[in-house]
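Structure provided below as structure tokens; questions to follow.
Chain A is the first sequence line, chain B the second, and so forth, proteins listed ahead of strands; every chain is numbered from 1.
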Amino acid sequence: MSQSPNDASGREATSLRDILCGSLSAADIGRKVELCGWVARRREHGEHLAFVDLRDYSGIVQCVIDGAHDVRSEYVLRVSGTVRARPEGTINDRLSTGAIEVGDCEIEVLASAEPPPFGLDDRTEVDEQIRLRNRFLDLRRPRLQKNLRVRARVNRAIRSAMDDQGFVEVETPILWAPTPEGAREFAVPSRLHHGSFYVLPQSPQLAKQLLMVGGIDRYYQIARCMRDEDLRADRQFEFTQLDLEASFVTQDDIVGFATRAVQDAAEAATGERPGQMATMTWRESMDRFGTDKPDLRLDGELIDLSATFGNSEVKAFAAPIVKALVIPGGATTTRSQLDTWTDRAKSMGAGGLAWFRVTREEGVLGFDSPLDRFLSDQERSAMLEITSASEGDLVLCVADEWRVAVDVLGTLRSQILSLPVGDGPACYVWITEFPLFDGLDAEGKPQAAHHPFTMPLEEDLDLFETDPLAVRSQAYDLVLNGWELGSGSVRIHRADIQRKVFRALGVTDQEAEERFGFLLNAFRYGAPPHAGFAFGIDRLVAIFCGEENIREVIAFPKTQSGTDLMTGAPARIAPSALNDLGLRPFPVES
RNA sequence: GGACCUGUGGUGCAGUCUGGAGUGCACGCCGCCCUGUCAAGGCGGAGGUCGCGAGUUCAAAUCUCGUCAGGUCCGCCA
């Protein structure tokens, strides 16, 4: 418990206390101490004896009170007493301070307290709604105490890693200009310029590129980002990322900088330092795992059956690509579950989902499947051989265009085989060579997959005219156990290539000028080649803490509908304040 | 915008499918007893708009519809 650098180390002494409850041990026997903390629990034995478990963030110690007193749960106490060994037979092995107690106690009640609405130990599961409404009490509990301290260690390790690597911490504005691109922005009305707005940054993207033009060379920031999009277990309106950018570098340099930061953070949080991280191209990841954020802890990859079924008589397999996924032990899957998966496949654009329960009859492997009777003996044995499926397994197949087939099976793979994110080994993987464009919009124009300043792979520049969707980019993601931690790219610093990309995106010169004029203008005055990266600290810390939900590593998170149950935000503001801002609300329907 | 799950004394649950008196369990709270407990123990007690609103019914925590809140997910998140 006390191995954390933030825990007791001598720095915790104040004018009111000189040591932390949880840091006392047999070595302190005979020592006079002054402690401050909350009453975690009390055991009354009449007016002559009471035991009070005093709690601070470091832990709990038993204080013995002889004589009159009135202390209750969560009272805030200052206790002066002497550390002594517990009498024989009363040692508590379940407590780190269980060999000692504080005797001859003098109690000062610093604050009384009403009974808390829920128990503050870690034994009781409490509904999250009630925890959020009383977050200040929830914070007192060991879970959040631990998570927030892990988070602080991660932040410190990251700052130190970036500093070691020559990065300069620069703060960028929270009040920024609207630059409509990806996520919906939070707007802040201007008091001095009625009708005009600042926006809160979705990320410091443009600011950090300007810092590169400004010769900062290596920038980083533990930056708050705001996106007005629907919330999820791994997404809040506001989140924190390590944001970095460097000049005169390649992708490999950036990957190295970020890897070092993550390694140091992991070591600080968990004590285990990740080794070298795997790298695979986006194409390979999609082909093998059907996703650009593969969970490498999970067994099984997508298997290509196209060669076997390319000329199949089976109608269901009449497609350019046939992909398969083996679910070990999945033969017991119910028909209704299979129907649910089939619906999911159809909703993703597939014609259907073929399934084969692997059975054994008289020593021979075969299939229980509606499609089995359409298979030739050759196809049946080929499928068994290529998939290596054995009795009791389930084989799922999708025949379609490559992208649809891998998407569907990749989704099912991560859904069916999923593990809690903190379980097992930490599997980091860098995904590289993302497509520059991600499909076409309604008007048939390519969409930027990352952002429009992402540098294409040099060797793909010729494809712009012939096959823009095939153009790969110098963009890269870092993935941990199926969670996307962050992404980055080499930026375009040459005006001719930027024009090419804007033209492909259908962005006119005028639009580019309106949206990013200040950046393009800056680039006219000598932009160094630069590249950067950003990864989500909330997600990283959540995984380190074994939490499935980033709310567990945020002091004051919002609900899925974006409200704060403790403060009541968002809330109306006074009409006079609206006037100042030049705003008039729509009438609220009753 | 959509799908699904949850809502019962302060807390966590059971009861809901199969309607029959606010019934039960554990924790907490209050009072009394208790000098070695540690999730203390014993005795006694208080505490409820079964989220809210309609409907069906002789009768609704329970069935139906609507609604609110929380959660998980799809869409969304360059």
Given B/rG70, B/rA40, B/rU37, the nucleotide with the shortest approach to the side chain of A/Arg41: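 In terms of side-chain proximity for A/Arg41, the closest of B/rG70, B/rA40, B/rU37 is B/rA40.
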
Using the rule for Phe, Tyr, His and the six-membered ring of Trp, do A/His48 and B/rU35 stack at under 5.5 Å and under 30°?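 The ring of A/His48 is stacked on B/rU35.
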
Both distances under 3.5 Å, Watson-Crick or G-U wobble: report the partner of B/rA40, or none.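 B/rA40 is paired with nothing.
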
State whether the side chain of A/Asp56 and the backbone N or O of A/Cys21 hold a donor-acceptor pair below 3.5 Å, judged by distance alone. yes

With respect to the side chain of A/Arg86, which nucleotide from B/rG36, B/rU72, B/rC76 is positioned closest? B/rG36

Distance in angstrom units between A/Phe118 CZ and B/rC13 C1', rounded: 18 Å

Are any of A/Ser347's side-chain N or O atoms less than 4.0 Å away from OP1 or OP2 of B/rC74? no

Donor-acceptor pair under 3.5 Å, A/Gln62 side chain vs B/rU37 base: yes

Would you kindly say whether A/Asp70 and A/Tyr75 are connected by a side-chain donor-acceptor distance under 3.5 Å? no

Whole-Å gap separating C1' (B/rC34) and CZ (A/Arg42):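 Those two atoms, CZ and C1', are 14 Å apart.
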
Within the 4.0 Å heavy-atom criterion, would you say A/Thr454 contacts the bases, only the backbone, or no part of the nucleic acid? nothing

So what does A/Pro117 touch, heavy atoms closer than 4.0 Å: a base, only the sugar-phosphate, or nothing?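 Sugar-phosphate, backbone atoms only, no base.
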
Under 4.0 Å, heavy atoms only, any strand: does A/Arg84 hit a base, just the sugar-phosphate, or nothing?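 The answer is base, as A/Arg84 lies within the cut-off (heavy atoms under 4.0 Å) of a base atom.
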
Please tell me if A/Asn549 has a side-chain N or O lying less than 4.0 Å from either OP1 or OP2 of B/rU72.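 Yes, such a contact exists.
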
Nucleotide nearest A/Arg232 (side chain, heavy atoms from C-beta), chosen from B/rG75, B/rU72, B/rG10: B/rG75

List the steps, then state whether side chain to side chain contact (heavy atoms under 4.5 Å, CB included) holds for A/Arg141 with A/Phe118. CA-CA 11 Å; A/Arg141 307 204 311 165; A/Phe118 52 88; 3.9 Å; yes

If I pick the C1' atom on B/rU64 and the same atom on B/rG19, what distance separates them, to the nearest angstrom?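 One C1' to the other, the span is 13 Å.
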
Considering only atom P, compute the distance from B/rU11 to B/rU16 and round it to an integer number of Å.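 It works out to 23 Å between them.
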
Lys/Arg-Asp/Glu bridge criterion (N-O < 4.0 Å) met for A/Asp138, A/Arg131: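 Yes, this pair counts.
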
Is there a donor N/O on one and an acceptor N/O on the other, under 3.5 Å, for the side chain of A/Glu101 and the base of B/rG36? yes

Using centres under 5.5 Å plus planes under 30 degrees as the test, is A/Phe51 stacked with B/rU37? yes

Remember a base hit wins even if backbone is also touched, and classify A/Gln205 as base, sugar-phosphate or nothing at under 4.0 Å, heavy atoms. base

Looking just at side-chain N and O atoms, do A/Arg491 and A/Ser489 make a donor-acceptor pair shorter than 3.5 Å? yes

Using modelled atom types and a 3.5 Å cut-off, is there a donor and acceptor pairing between side-chain atoms of A/Arg184 and backbone atoms of A/Asp228? yes

Just to confirm, is there a sub-4.0 Å distance from OP1 or OP2 of B/rU37 to any side-chain nitrogen or oxygen of A/Arg43?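 Result: no.
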
So does A/Arg72 get a side-chain nitrogen or oxygen closer than 4.0 Å to the phosphate oxygens (OP1/OP2) of B/rG31? yes

Does any nucleotide pair with B/rC63 by Watson-Crick or G-U wobble geometry, both distances under 3.5 Å, and what is it?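 Base partner found: B/rG55.
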
Side chain of A/Ala183 - closest among B/rC77, B/rG71, B/rU35: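 Of B/rC77, B/rG71, B/rU35, B/rC77 is nearest to the side chain of A/Ala183.
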
Regarding A/Ile130, tell me which of base, sugar-phosphate or nothing describes its non-hydrogen contacts under 4.0 Å with the strands shown. sugar-phosphate

Using the C1' atoms only, state how far B/rG22 lies from B/rG15, rounded to an integer number of Å. 11 Å

Counter-base of B/rC34, judged by Watson-Crick or G-U geometry with both distances under 3.5 Å: none

Donor + acceptor pair across side chains of A/Asn147, A/Glu547 (<3.5 Å):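 Side-chain D/A pair, A/Asn147 to A/Glu547: present.
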
Roughly how many Å is it from CD in A/Glu47 to P in B/rC33, rounded to a whole number? 8 Å

Of all the nucleotides listed (B/rG71, B/rG75, B/rG36), which has the minimum atom distance to the side chain of A/Asp230? B/rG75

Is a side-chain N or O of A/Arg86 found less than 3.5 angstrom from the main chain of A/Thr90, in a donor-acceptor match?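 Checking the backbone N and O of A/Thr90 against the side chain of A/Arg86, a donor-acceptor pair under 3.5 Å is found.
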
So what does A/Ala449 touch, heavy atoms closer than 4.0 Å: a base, only the sugar-phosphate, or nothing? sugar-phosphate

In whole Å, what is the span from the CG atom of A/Asp127 to the P atom of B/rG51?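 Result: 13 Å.
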
Partner nucleotide, any strand, of B/rC4 [Watson-Crick/G-U, under 3.5 Å]: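 WC or wobble partner is B/rG71.
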
Counting the atoms with a prime plus P, OP1 and OP2 as sugar-phosphate, which does A/Leu132 contact under 4.0 Å by heavy atoms, base, sugar-phosphate, or nothing? nothing

Among the candidates B/rU35, B/rC76, B/rU11, find the nucleotide nearest to the side-chain atoms of A/Leu49.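 Among the listed nucleotides, the one closest to the side chain of A/Leu49 is B/rU35.
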
Please report the distance, rounded to the nearest Å, between CG in A/Asp343 and P in B/rC74. 16 Å

OP1 or OP2 of B/rG70 less than 4.0 angstrom from a side-chain nitrogen or oxygen of A/Thr559, does that happen here? yes

Atom-pair distance (CG on A/Asp234; C1' on B/rC76), nearest Å: 13 Å

Within this structure, what is the CG-to-P distance between A/Leu231 and B/rG70, rounded to whole angstrom?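 My rounded result for the distance is 11 Å.
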
Determine the interatomic distance between P on B/rC27 and the same-named atom on B/rA40; round to the nearest Å. 11 Å

Between A/Arg551 and A/Arg235, which has a closest nucleotide on RNA chain B that is more 5'?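 With A/Arg551 and A/Arg235 compared, the 5'-side residue is A/Arg551.
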
Distance check needed: B/rA26 C1' versus A/Glu125 CD, whole Å only. 15 Å

Taking B/rC63 as the reference, what is the distance to B/rG20 when you measure between their P atoms (whole Å, please)?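 After rounding to an integer number of Å, I get 11 Å for this pair.
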
Taking only the C1' atom of each, what is the distance from B/rG70 to B/rG28 in whole angstrom? 23 Å

Stacked pair A/His45-B/rG36, distance under 5.5 Å, angle under 30°: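 By the stated criterion, A/His45 and B/rG36 do not stack.
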
Any heavy-atom pair between the side chains of A/Asn521 and A/Glu513 that's under 4.5 Å?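 SC-SC contact between A/Glu513 and A/Asn521 ruled out.
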
Categorize A/Glu74 for me: base, sugar-phosphate, or nothing, with a 4.0 angstrom heavy-atom threshold over every strand shown.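 No contact.
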
B/rG70 phosphate, OP1 or OP2, under 4.0 Å from A/Thr563 side-chain N/O: yes

Would you indicate which nucleotide in B/rU11, B/rU37, B/rG71 comes nearest to any side-chain atom of A/Thr90? B/rU37

Under 3.5 Å for both donor-acceptor distances, Watson-Crick or wobble: does B/rG28 have a partner, and if so which one?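 The answer is none; no pair meets the criterion.
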
